[in-house]
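To keep things clear, I will list the structure first and then write my remarks on it.
If you're wondering where the values come from, they're calculated on a predicted model, not measured in any experiment. The analysis underlying the following values was restricted to heavy atoms, covering all of them including side chains, and did not include hydrogens, waters or symmetry mates. Atoms within each ligand, like the ligands themselves, are counted from 1 in listed order.
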Amino acid sequence: MLETLHSIVQEVNSATDLQTALETIVRRVKQAIGTDACSVYLTDFKRRTHVLRATEGLRQAAVGKVELPLHRGLIGLVCERAEPINVDDAPAHPRYLFLGETGETVYHGFLGVPIIQNRKVLGVLVVRQSEPRQFDDNEVTFLFTLAAQLAGAITHAQASGSLWEDEGREKKTSKSYLQGSPGTSGVSHGVAVVVYPMADLDAIPDKPADDLAAEEEALLAAVANVRKDLERLESRFEGLLPSEDKALFQAWLLMLEGDSLVNPILEHIRGGNWAPGALHHVIEEHARVFDGMEDSYLRERSSDVRDLGRRILMHLQKDTPVVIDYPDHTILVSEEVSAVQLAEVPPEKLAGVVSASGSSASHVAILARGMGIPAVMGVVGLPVGRMDGMEVIVDGYMGRVFVSPSQAMAEEYQRLEQEDEDLSAELDSLRGLPAETTDGIQVPIYLNTGLVSEMSSFGTTESEGVGLYRTELPFMGRDRFPGENSQSENYRSILSAFAPRTVTLRTLDIGGDKPLPYFPVNESNPFLGWRGVRISLDHPEIFLTQVKAMLRAAVGLNNMQIMLPMISRVTEVDELKLLIQRAYDELSDDGYAVTMPRIGVMVEVPAAVYQAEELARRVDFLSVGSNDLTQYLLAVDRNNPRVAEIFDDMHPAVLRAISHIVEGAAVYNRPVGVCGELAGNPLATPLLIGMGVDNLSMSASSLLKVKWVVRSFSRTRAKQLLQAALRMEEAEPVRKLMASTLDDMGLGGLVHPGR
Ligand code: PEP
Ligand code: MG
């Protein structure tokens with residue numbers, strides 16, 4: 001059964017339009033289940049009817065004609081209950097409705113399963129049998145699985161407006177869009193150009209090599225060609241991207257340099273495998289290490305590794321890449337747009353990016369941000385195969401993609417595009433101005449860094465320092481822990497880039513599912529396991545090396561603070577402070593002119609919220625890690641797309657927790673910052689100011705937006721809004737309140753398209 005299911009699903013997915021998909025399903029299901037008839041009814045919500053859309057067994061002439069009013073018949077019952085209805089003698093059922101036009105008088109056995117997408121019943125998949133027949137459990141689950149596939153195809157059709165238009169019914173395009181996640185804010189419209197991955201690494205088998213030397217030579221030649229491609233593409237971005245973002249190309253070139261990627265492939269070849277097989281193994285091994293990482297940025301690196309692998313394979317197979325003639329206003333669309341595919345589009349022709357997979361941490365999103373190109377990532381159900389040449393609107397604020405939009409929608413978005421341009425000119429005028437409320441309270445805005453993308457020259461000049469430097473990155477992509485000297489050099493470069501402004505270095509925050517390749521941790525519950533300072537305390541030698549590197553890096557600059565992540569017990573702080581003191585003493589004894597830095601803790605687990613006061617007594621500052629705090633307060637995995645909708649850092653429980661932290665810290669007069677994503681969300685800015693949060697730390701792209709909000713509110717007004725928000729019981733009304741407040745003040749453009 002599983003094989004049949006696979007093959008039906010494949011055939012349905014390759015259908016070019018909804019009708020073909022429906023016809024495929026009814027034909028194949030009838031055959032697979034060995035039944036007399038199989039049909040699909042879809043619900044037309046406007047007309048409040050269930051319409052027969054495809055059948056194999058009932059009269060073909062009835063397709064599109066037979067309509068059942070909502071809630072009528074067994075079909076209506078399946079929709080109402082959103083459950084399968086399985087009856088061996090349908091005419092005997094009280095809800096049975098006789099429909100002569102379908103020729104169904106003779107059918108007794110009935111099994112109907114609902115077609116559900118996003119909790120909404122879209123229609124029913126039905127099989128019928130002339131004789132009485134009770135369908136068995138296997139048949140029910142089989143239909144269920146197929147119905148789920150059908151739901152995806154219907155959503156595709158809705159997005160491209162083809163669901164009802166073929167019958168002259170009202171076109172549904174005006175409000176239909178596909179939802180993804182925002183990659184780069186901004187809106188644009190243009191023509192979809194669909195690109196496909198070049199060569200399929202997964203299809204490569206192992207094969208004994210006849211001539212090892214020839215295989216090695218072929219591999220090195222392919223790698224050299226990929227290098228040339230990358231260098232050519234890099235030169236395209238001269239003057240277009242901040243040099244820091246362009247460093248991505250250097251990172252890829254470095255990967256091709258030898259030690260980590262090429263040498264292991266050569267070793268595999270020497271073990272007897274042919275070059276493509278060896279390449280496949282090594283690329284998969286590398287990509288899998290990244291796949292398992294918690295940090296979304298690092299997890300996304302696996303797609304870079306696979307992309308490089310495909311490029312090498314393409315040259316190994318001596319395939320010439322397809323040359324695409326990109327039209328003006330190209331919207332680049334793919335199952336997984338790679339950064340290099342983006343680089344292949346002449347920059348002046350690129351208007352937007354839409355990718356079925358990936359997130360805002362993908363390199364392609366980072367490049368798009370650097371170029372100011374709107375991008376939507378992770379669009380579930382993107383009908384990639386049908387989009388080429390279609391008109392598309394990309395809404396990077398809301399993460400929406402409109403395929404074949406109605407004229408009214410296209411006009412609306414043109415207006416929004418114009419307003420966006422005006423807005424960014426206005427934001428630019430805020431550069432260099434202080435982040436100060438209208439009643440004169442300073443709310444310093446810091447930068448979150450640690451990743452290439454965040455080290456833009458704009459972020460460096462525009463921020464008042466670094467509120468969170470994630471030190472994990474220099475520890476990744478290596479084969480052992482970095483030594484004190486190399487760490488120190490790294491920290492020194494960031495400290496001197498910002499001096500005399502403060503830089504907050506966070507100590508290593510690795511964990512069970514953010515493993516270092518050379519320090520594997522396997523746990524069934526990694527978020528509640530060995531992570532952050534728990535590892536530091538169990539391995540003081542790692543912590544001491546890092547702290548010494550930090551202290552040495554700050555000599556003469558004295559602009560560093562140290563921050564401890566994932567604190568859940570006060571004794572952790574006591575013990576880590578002793579270790580920091582020890583590092584300081586040892587360095588002083590060795591003659592270094594080190595100074596004792598300010599020490600702070602991150603408040604990101606509920607225990608720390610309720611001990612904010614006790615923590616504040618022990619340290620110089622607190623910083624709220626709202627990402628983890630939300631995850632632990634709401635018990636929602638921050639990286640799990642299935643529960644992404646209920647991960648909400650504006651949940652009243654999160655807001656109350658932050659208020660509680662501020663009150664606790666106030667007892668000892670300690671400043672509180674926020675450095676999770678919430679800090680960079682203009683909707684939350686007035687609430688955080690109202691709570692008395694002292695500073696905010698965020699990625700470069702949010703700096704000016706948040707500054708604008710800070711400069712538009714008084715603390716008094718912010719407090720009033722906070723009071724109102726804290727009375728709310730759900731996140732949604734809080735968001736609505738804040739969005740309408742910003743709208744009323746002419747700041748709506750910061751959180752949605754248009755002004
Ligand atoms: C947080 O948890 O909010 C935070 C800033 O730390 P990270 O995202 O690195 O876990
Ligand atoms: Mg965290």
Side-chain angles (χ1 to χ4, degrees), residues 293-301 359-361 445-455 459 463 465-476 494 503-516 521 526-536 546 561-568 572 600-609 612 615 621-640 644 647-651 653-655 657-658 661 672-681 684 688 693 695-702 706:
M293 291 181 176
E294 178 199 332
D295 184 297
S296 57
Y297 176 87
L298 293 164
R299 217 174 35 248
E300 288 293 340
R301 302 294 64 80
S359 69
S360 64
I445 298 183
Y446 295 107
L447 185 69
N448 286 355
T449 77
L451 311 174
V452 175
S453 63
E454 294 160 338
M455 283 290 293
S463 64
V466 174
L468 167 63
Y469 180 74
R470 294 177 164 105
T471 56
E472 292 79 64
L473 202 69
F475 284 73
M476 308 276 177
I494 173 118
V503 172
T504 310
L505 300 181
R506 179 174 76 182
T507 61
L508 198 57
D509 186 21
I510 51 167
D513 70 342
K514 188 160 52 169
L516 297 173
V521 179
F527 280 125
L528 304 181
W530 206 39
R531 60 170 297 204
V533 292
R534 297 171 185 178
I535 295 183
S536 302
Q546 182 173 41
Q561 325 191 106
I562 291 182
M563 184 156 77
L564 307 167
M566 269 294 290
I567 295 290
S568 58
E572 290 167 342
V601 295
M602 292 194 70
V603 182
E604 43 187 358
V605 302
V609 173
L615 290 170
F621 64 94
L622 302 184
S623 185
V624 180
S626 55
N627 309 334
D628 275 317
L629 185 58
T630 305
Q631 152 163 282
Y632 291 123
L633 273 179
L634 306 186
V636 180
D637 181 341
R638 60 193 266 189
N639 295 318
N640 181 347
F647 180 95
D648 198 327
D649 54 9
M650 289 184 74
H651 189 293
V654 178
L655 300 179
I658 302 175
I661 297 164
V672 176
V674 177
C675 65
E677 291 304 303
L678 188 66
N681 180 354
L688 298 175
V693 165
N695 58 72
L696 301 167
S697 191
M698 62 200 69
S699 52
S701 59
S702 298
V706 170

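Contact annotation: Asp509 places no N, O or S atom under 2.8 Å from the Mg ion (ligand 2).
Annotation: side chain of Met602 is not in contact with side chain of Ile567 (no heavy-atom distance under 4.5 Å). Side-chain contact between Ile661 and Val624 is present, with heavy atoms from C-beta onward closer than 4.5 Å.
When heavy-atom distances to ligand 1 are checked against a 4.0 Å cut-off, Glu677 has no atom that comes that close, whether in backbone or side chain. The residue Met566 has no part lying near ligand 1, judged by heavy-atom distances below 4.0 Å.
For ligand 1, the polar-atom distance check against Asp628 finds a nitrogen or oxygen pair separated by under 3.5 Å. Below 3.5 Å of separation, one finds an N or O of Ser626 facing an N or O of ligand 1.
Between the OG1 atom in Thr449 and the CG atom in Leu468 there is a gap of 7.5 Å [rounded to 0.5 Å]. For the atom pair CD1 (Ile445) and CE (Met698), the distance works out to 5.0 Å, reported to the nearest 0.5 Å. Leu508 contributes atom CG, which lies 13.5 Å from atom CZ of Arg470 (distance to the nearest 0.5 angstrom). Taking CG of Asn695 as the reference point, atom OH of Tyr446 lies at 5.0 Å (rounded to 0.5 Å).
The angle subtended at the Mg ion (ligand 2) by OE1 of Glu604 and OD2 of Asp628 is 100°, given to the nearest 10°.
For ligand 1 and Leu468, the ligand atoms under 4.0 Å from any heavy atom of the residue are 5 (C). If you number the atoms of ligand 1 from 1 as listed, the ones under 4.0 Å from a heavy atom of Gly625 come out as 1 (C), 2 (O), 3 (O).
For the pair Val693 and Ile658, the tightest heavy-atom approach, listed with the atom from each and the gap, is CG2-CG2, 4.2 Å.
Within the structure, ligand 1 has Arg506 among the residues with a heavy atom less than 4.0 angstrom away.
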